Amino acid sequence: MGTWATVNGPNVPVLFDASVLQREEKIPEVFVWPQLDRPSRDLSLKGRETETEVPLPVIDLGGFWKNDEKTTREASEVIGKACVEHGFFQVINHQVSPDLLTAAHQHINLFFSLSLVEKRRAQRKVGESCGYASSFTDRFANKLPWKETLSFEHSPSSDVCDYFVKTMGQDFQDAGNVFKEYCEAMEGLALALMELLGMSLGVGRLHLREFFEGGNSIMRLNYYPPCAQPNLTLGTGPHCDPTSLTLLHQDEVGGLEIFINNKWHSVRPNNDAFVVNIGDTFMALSNGRYKSCLHRAVVNKTTPRKSLAFFLNPPYDKIVRPPNDLLDSHNIPRKYPDFTWSVFLEFTQKHYRSDMNTLAAFQKWLTSRNQP
């Protein structure tokens, strides 16, 4: 069963100040996760990635950019197989500038090195999806994640650079410019992947690209401080992304784990690659054919970890409904009702704590809400 969130958030007597808590020998009880959810091995930094590592398929996009039909078709087939099995793959030759990636990671460091008071100028309000969150202490009372995040929207109606300047001040114009360029690069890459996903589903190369163009996407900066008791907590708890498509760039530390064949597997960082995964909204769009896979993030004792996560979404008011070509070709009944991204987002921010059952819980909530 999932955890239903309170609308206003409980009073939690713990302030997640990373500069303080990462030096504590014992972590507060609210960050301790149940035994079944905890990492099962000693989380020393070295050697962690090789112990239960999963070899995700690596898609080379070089042929796609050159409009090579053979390599493009082969890439779509490999992506389709991965999405049927577990929903995770990696892409290389993605045309995202190494200099842009370096600058983005540098600005993550600059933001999260600020004092807590300074970071809270961008404080995320309860019920909203964007802003600074220090472990969600204002929303949940237990199983708190050992992390800080800064989230902001990328859409035709929301300018990333303006967000940074208005929220953090003129000193953050450079950061705003970098993350605006980064979001534009991520959107371009994500829409290109939608062409390959459309081919793999047999709905046409442009159908999904056009569906997601002009969407209300979310960019998130993740920072996981060192933790004295990493075996007791998690950087991010087990969940499936409620969004459509996630593009993740990890630093060299590692910590992403995915749940395949009833076992947690780590994903080795690759600076040249993006880790891509299907989210719940896309799973509904594919009528359940492509999987939204359970994943989490672990932390370690010695080294902070950071990552860049871009979540592609459709426009708020677009109806999420499987393409007719997909339904007709497979002759399978509809598994999910029609919904919009705006309603699903509201559900995850105000009514439910995302886990492995988010889409099923949303389906029940939507059905009960629509009943007279």
Side-chain angles (χ1 to χ4, degrees), residues 1-40 43 108 111-112 114-117 119-120 122-151 218 220-242 248 253 255-257 259 264 294-307 309 311 347-358 361:
M1 293 295 293
T3 303
W4 292 89
T6 59
V7 174
N8 296 317
N11 267 328
V12 179
V14 172
L15 194 64
F16 189 82
D17 188 340
S19 65
V20 175
L21 286 178
Q22 67 184 358
R23 298 197 300 267
E24 297 290 330
E25 293 183 2
K26 184 176 181 181
I27 65 174
E29 190 66 27
V30 291
F31 297 102
V32 175
W33 283 66
Q35 186 70 45
L36 287 176
D37 289 328
R38 297 177 194 171
S40 60
L43 294 175
I108 290 182
F111 178 83
F112 288 108
L114 297 172
S115 70
L116 183 60
V117 171
K119 286 180 286 194
R120 293 186 76 180
Q123 184 68 37
R124 180 174 175 173
K125 296 179 181 178
V126 174
E128 295 185 358
S129 59
C130 294
Y132 169 72
S134 56
S135 185
F136 306 110
T137 55
D138 58 346
R139 187 177 175 197
F140 305 120
N142 54 47
K143 298 196 296 184
L144 295 182
W146 195 264
K147 70 173 178 179
E148 302 175 274
T149 63
L150 178 67
S151 306
I218 298 171
R220 180 167 298 156
L221 317 181
N222 296 307
Y223 183 79
Y224 304 89
C227 177
Q229 296 177 294
N231 286 320
L232 300 183
T233 192
L234 290 168
T236 302
H239 70 287
C240 298
D241 292 339
L248 181 78
V253 177
L256 172 65
E257 296 187 342
F259 196 68
W264 287 105
L294 190 66
H295 55 287
R296 68 183 186 183
V298 297
V299 294
N300 68 84
K301 289 183 178 182
T302 58
T303 308
R305 173 181 179 250
K306 60 185 184 296
S307 65
F311 303 99
F347 175 73
T348 62
Q349 299 305 309
K350 296 183 179 180
H351 305 287
Y352 194 83
R353 182 174 184 173
S354 294
D355 59 11
M356 71 285 288
N357 300 311
T358 306

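Atom set for the values below is all heavy atoms of this structure, side chains included, hydrogens, waters and symmetry mates excluded. Fair warning: this is a prediction, and the values are worked out from it, not measured in the lab.
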Considering all heavy atoms, the nearest Phe347-Thr358 contact: CE2-O, 3.8 Å

Can you pull the side-chain hydrogen bond (donor to acceptor under 3.5 Å, both in side chains) pairs that have at least one residue in residues 24-36, sequence neighbours excluded? Gln35-Arg38

Checking Thr233 side chain against Val32 main chain: does a donor-acceptor pair fall under 3.5 Å? no

Mind checking what makes side-chain hydrogen bond (donor to acceptor under 3.5 Å, both in side chains) contact with Ser129, not counting sequence neighbours? none

Evaluate Phe31 against Leu21 for side-chain contact (heavy atoms from CB on, under 4.5 Å), listing each step before the verdict. CA-CA 11 Å; Phe31 297 102; Leu21 286 178; 4.1 Å; yes

Measure across Arg353 and Pro145 and return the closest heavy-atom pair with its distance rounded to 0.1 Å. NH2-CD, 4.1 Å

Shortest non-hydrogen contact from Cys240 to Leu294? SG-N, 3.7 Å

Donor-acceptor contact below 3.5 Å, side chain Glu257 vs main chain Trp264: no

Look up atom OG in Ser135 and atom CG in Leu144, then write down how far apart they are to the nearest 0.5 Å. 4.5 Å

Holding to side-chain contact (heavy atoms from CB on, under 4.5 Å), I want the full list of residues that pass it with Phe111, two or more places apart in sequence or in another chain. Leu114, Lys119, Tyr132, Leu150, Met168, Phe172

Which heavy atom of Arg124 sits nearest a heavy atom of Ala133, and at what distance? CD-CB, 4.1 Å

Kindly write out the residues that satisfy side-chain hydrogen bond (donor to acceptor under 3.5 Å, both in side chains) with Asp17, not counting sequence neighbours, or none if the list is empty. Ser19

Is there a side-chain contact between Phe112 and Lys306 in this structure, where contact means two heavy atoms from C-beta onward sitting under 4.5 Å apart? no

Between His295 and Phe259, is there a donor-acceptor pair closer than 3.5 Å when you use the side chain of the first and the backbone of the second? no

Measure from the side-chain N and O atoms of Arg296 to the backbone N and O of Asp37, and report whether any donor-acceptor pair falls under 3.5 Å. yes

Note: Pro39 and Asn231 closest approach over all heavy atoms is CD-O, 3.8 Å

OH/Tyr224 to OG1/Thr149 distance, rounded to the nearest 0.5 angstrom? 8.5 Å

How many angstroms lie between atom CD of Glu128 and atom CD of Gln123, to the nearest 0.5 angstrom? 10.5 Å

Using side-chain heavy atoms (C-beta onward) and a distance below 4.5 Å, is Leu234 in contact with Val298? yes

I need the Asp355 CG to Lys143 NZ distance, nearest 0.5 Å. 7.5 Å

Kindly give the heavy-atom pair with the smallest separation between Ala228 and Lys301, and that separation in Å. O-CE, 3.7 Å

Atom SG in Cys227, atom CD1 in Ile27: separation rounded to 0.5 Å? 4.5 Å

Residues passing the side-chain hydrogen bond (donor to acceptor under 3.5 Å, both in side chains) test with Asn222, sequence neighbours excluded, are Ser307

Sequence neighbours excluded, the answer for side-chain contact (heavy atoms from CB on, under 4.5 Å) partners of Pro225 is Phe16, Ala18, Gln22, Trp146, Tyr223

